[in-house]
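The analysis underlying the following values was restricted to heavy atoms, covering all of them including side chains, and did not include hydrogens, waters or symmetry mates.
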Amino acid sequence: MVFSVLNLFSKQVLEQLVLDVCTRWRGIRMYVWSLENSREFSMKSIRQVIDANCFPVIHSATRWVKSVPLKVNIMAWKIKMDGLPTRMNISRHGIEIDSIVCPIYSGEESFCHIFFQCNLVRLLARKISSLWNVDYVDVSSYEEWYTWLVSLRLQANLKAVFEGIFYCLWWSVWMFRNKILFEKDTPSQARIFDNIVSNSYYWYERIFMCKTAKEIWDTLLITHQGNSQVKDNKIDLLVQQYEQFTIPKEESIDNAFARFNTIITSLKALDEGFSSKNYVRKFLRALHPKWRAKVTAIEESKDLTSLSLDELIGNLKVYEVIIKKDSEMVKDKREQSRSLALKAKKESSDEDSSTFDSEDEEYAMTIKEFKKFFKR
């Protein structure tokens with residue numbers, strides 16, 4: 001059994017696990033283990049060799065937040081080590097997949113993109129930081145995020161809670177991503193923040209910080225929302241922004257959706273909101289007239305009562321690519337036509353110049369002959 005295990009490792013490891021043959025003792029040939037001073041076999045020695053040869057060396061200490069479950073801590077560790085099965089990692093291991101594009105937002109699905117660079121994650125991170133009265137800085141990697149976290153001026157116990165909430169954010173985003181890929185029903189992005197808050201309550205309650213976590217969140221929500229009068233004024237302002245929301249001609253669908261999502265998410269945070277059906281119709285009405293043909297096609301072919309906002313955005317982004325390509329083709333044709341027109345104009349100018357020179361020569365010859373005639 002030992003040798004069957006050893007066959008799984010590289011030649012370099014096997015060379016270090018050679019059994020030395022000792023001299024006969026009392027006529028019996030004995031084998032001893034060369035990796036232990038006691039010359040006796042031990043699993044510990046095998047593990048040390050495997051760790052030294054097969055695993056990367058980690059210089060930074062592993063972070064551990066006791067207030068959140070073990071599975072969430074492990075996931076945060078995998079994010080740090082880039083050990084999650086993102087589409088990019090799966091592709092790098094030689095496994096054929098249909099796409100490496102992030103199912104949440106456009107871009108290659110690396111761990112940096114899905115947990116730090118994605119517009120959705122940055123929006124949620126800004127919202128959490130705003131509730132904690134912390135200035136959030138957009139980061140692109142775990143290292144940049146950790147540097148930002150260390151720089152925050154928070155008490156040690158509060159910083160631990162804050163870090164744990166970011167772990168909840170990553171967990172919720174990863175679960176949201178998996179539901180998009182593996183479940184039939186498309187999940188709602190607006191529910192992610194609610195899941196972060198509810199998971200924070202539940203997980204801290206299960207450990208030992210129920211009162212602390214709940215008091216922190218309640219205080220932050222009151223500080224952020226204000227009293228009922230302030231809250232009503234904020235709702236009125238957001239409703240006005242929602243009703244007046246429009247999309248300029250040159251704005252991309254991604255940017256427009258980010259602005260729109262900020263409004264509806266803020267309304268939900270204040271316990272106010274519209275139905276998903278209303279979101280779809282409002283976004284369609286807000287589009288520039290250049291989208292009119294596509295809007296009409298969607299209204300005729302889709303059931304707007306069951307069409308999700310995410311599905312609508314995906315549909316519009318595909319059409320946006322087509323519009324962009326058509327625009328580039330028209331632009332190229334115009335440049336070609338302009339080039340041909342300039343070339344034809346230049347040739348015509350050269351012909352006119354040549355004709356004019358020829359006429360001048362004929363005129364000069366006529367004058368010369370005329371002068372000769374009078375000299376006679």
Side-chain angles (χ1 to χ4, degrees), residues 75-76 78-129 136-149 166-183 186-193 195-196 247-248 250-265 279 283 287 291 294 308-328:
M75 178 181 173
K78 287 185 175 181
I79 292 174
K80 177 183 177 182
M81 303 301 300
D82 189 13
L84 286 173
T86 60
R87 290 185 163 187
M88 180 64 73
N89 282 343
I90 292 174
S91 177
R92 285 173 179 169
H93 283 77
I95 301 175
E96 293 186 3
I97 54 177
D98 56 349
S99 173
I100 60 173
V101 176
C102 176
I104 301 177
Y105 272 103
S106 58
E108 295 179 349
E109 193 196 55
S110 63
F111 87 100
C112 286
H113 171 82
I114 195 170
F115 294 110
F116 302 103
Q117 300 172 2
C118 177
N119 290 338
L120 173 63
V121 174
R122 287 182 171 178
L123 179 66
L124 293 170
R126 291 191 197 101
K127 187 170 184 179
I128 293 172
S129 300
Y136 181 73
V137 178
D138 287 339
V139 296
S140 300
S141 65
Y142 180 91
E143 290 74 17
E144 292 181 8
W145 172 84
Y146 179 67
T147 301
W148 168 76
L149 178 68
F166 263 84
Y167 286 13
C168 296
L169 164 63
W170 297 339
W171 176 269
S172 300
V173 170
W174 186 249
M175 294 300 103
F176 176 75
R177 174 260 190 196
N178 289 341
K179 287 181 179 179
I180 292 177
L181 292 178
F182 305 118
E183 294 186 3
T186 304
S188 172
Q189 290 186 3
R191 293 290 303 170
I192 298 179
F193 183 77
N195 292 336
I196 296 171
I247 303 172
E250 302 302 329
E251 186 175 18
S252 67
I253 294 298
D254 275 339
N255 290 339
F257 177 64
R259 291 194 301 112
F260 189 70
N261 199 40
T262 300
I263 296 173
I264 62 179
T265 305
Y279 294 151
F283 199 88
L287 288 167
W291 293 84
K294 182 61 177 177
S308 68
L309 185 59
D310 294 334
E311 185 180 352
L312 172 66
I313 298 302
N315 198 321
L316 293 175
K317 286 173 70 175
V318 172
Y319 186 70
E320 183 179 37
V321 174
I322 297 174
I323 291 179
K324 187 176 180 180
K325 288 183 178 179
D326 290 345
S327 177
E328 290 175 352

Between atom [atom1] of [X] and atom [atom2] of [Y], what is the distance when rounded to the nearest 0.5 Å?
X: S110; Y: R87; atom1: OG; atom2: CZ; value: 13.0 Å
X: C168; Y: M75; atom1: SG; atom2: CE; value: 11.0 Å
X: I114; Y: C102; atom1: CD1; atom2: SG; value: 4.5 Å
X: D138; Y: Q117; atom1: CG; atom2: CD; value: 10.0 Å
X: K317; Y: I313; atom1: NZ; atom2: CD1; value: 8.5 Å
X: S308; Y: Y279; atom1: OG; atom2: OH; value: 13.5 Å

Do you know the tightest heavy-atom contact between [X] and [Y]?
X: P85; Y: I90; answer: O-CD1, 3.5 Å
X: V139; Y: R122; answer: O-NH2, 3.1 Å
X: C112; Y: S140; answer: CB-O, 3.4 Å

Task: Any side-chain donor near an acceptor of the partner, N89 and D82, under 3.5 Å - done: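 A pair is found: one side chain offers a donor N or O, the other an acceptor, under 3.5 Å apart.
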
Open item on the list: Check this for me: does any side-chain nitrogen of one of R177 and E109 sit under 4.0 Å from a carboxylate oxygen of the other?
Closed with: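 Counted as a salt bridge, because a side-chain N and a carboxylate O are separated by less than 4.0 Å.
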
Open item on the list: Determine whether N261 and N119 satisfy the following criterion, side chain to side chain contact (heavy atoms under 4.5 Å, CB included), listing intermediate values before the conclusion.
Closed with: CA-CA 11 Å; N261 199 40; N119 290 338; over 6 Å; no

TODO: Check the pair Y167 / I79 against side chain to side chain contact (heavy atoms under 4.5 Å, CB included), numbers first and verdict last.
DONE: CA-CA 10 Å; Y167 286 13; I79 292 174; over 6 Å; no

Using a 4.5 Å cut-off on heavy atoms from C-beta on, say whether the side chain of [Y] contacts that of [X].
X: I247; Y: F257; answer: no
X: W291; Y: L316; answer: yes
X: T86; Y: I100; answer: no
X: E143; Y: K80; answer: no

Task: Chi angles and distances behind the side chain to side chain contact (heavy atoms under 4.5 Å, CB included) call for I264, L309 - done: CA-CA 12 Å; I264 62 179; L309 185 59; 4.1 Å; yes

Task: side chain to side chain contact (heavy atoms under 4.5 Å, CB included) partner of P187, chosen from N195, I180, D310 - done: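 Exactly one candidate clears the test, I180.
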
Open item on the list: Is the distance from the ring center of Y136 to that of W148 below 6.0 Å?
Closed with: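 Yes.
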
Open item on the list: Heavy-atom count check: over 12 atoms from other residues, nucleotides or ligands less than 6.0 Å from K294 NZ?
Closed with: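 Buried by this count: over 12 neighbours within 6.0 Å.
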
- [ ] Kindly say whether I253 contributes a backbone atom to a donor-acceptor pair with the side chain of E320 at under 3.5 angstrom?
- [x]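 Such a contact is found between E320 side chain and I253 backbone.
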
- [ ] Give me the ring orientation class for F116 and Y142: parallel if the planes are under 30° apart, tilted from 30 to 60°, perpendicular past 60°.
- [x]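 If you compare the ring of F116 with that of Y142, the planes turn out perpendicular.
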
TODO: Decide ring pair (Phe, Tyr, Trp, His ring centres under 6.0 Å) for W145 and F115; before the verdict, give the C-alpha distance in whole Å, the side-chain angles of both, and the deciding distance to 0.1 Å.
DONE: CA-CA 10 Å; W145 172 84; F115 294 110; over 10 Å; no

TODO: Let me see the working for H113 and M88 under side chain to side chain contact (heavy atoms under 4.5 Å, CB included), right down to the final yes or no.
DONE: CA-CA 10 Å; H113 171 82; M88 180 64 73; over 6 Å; no

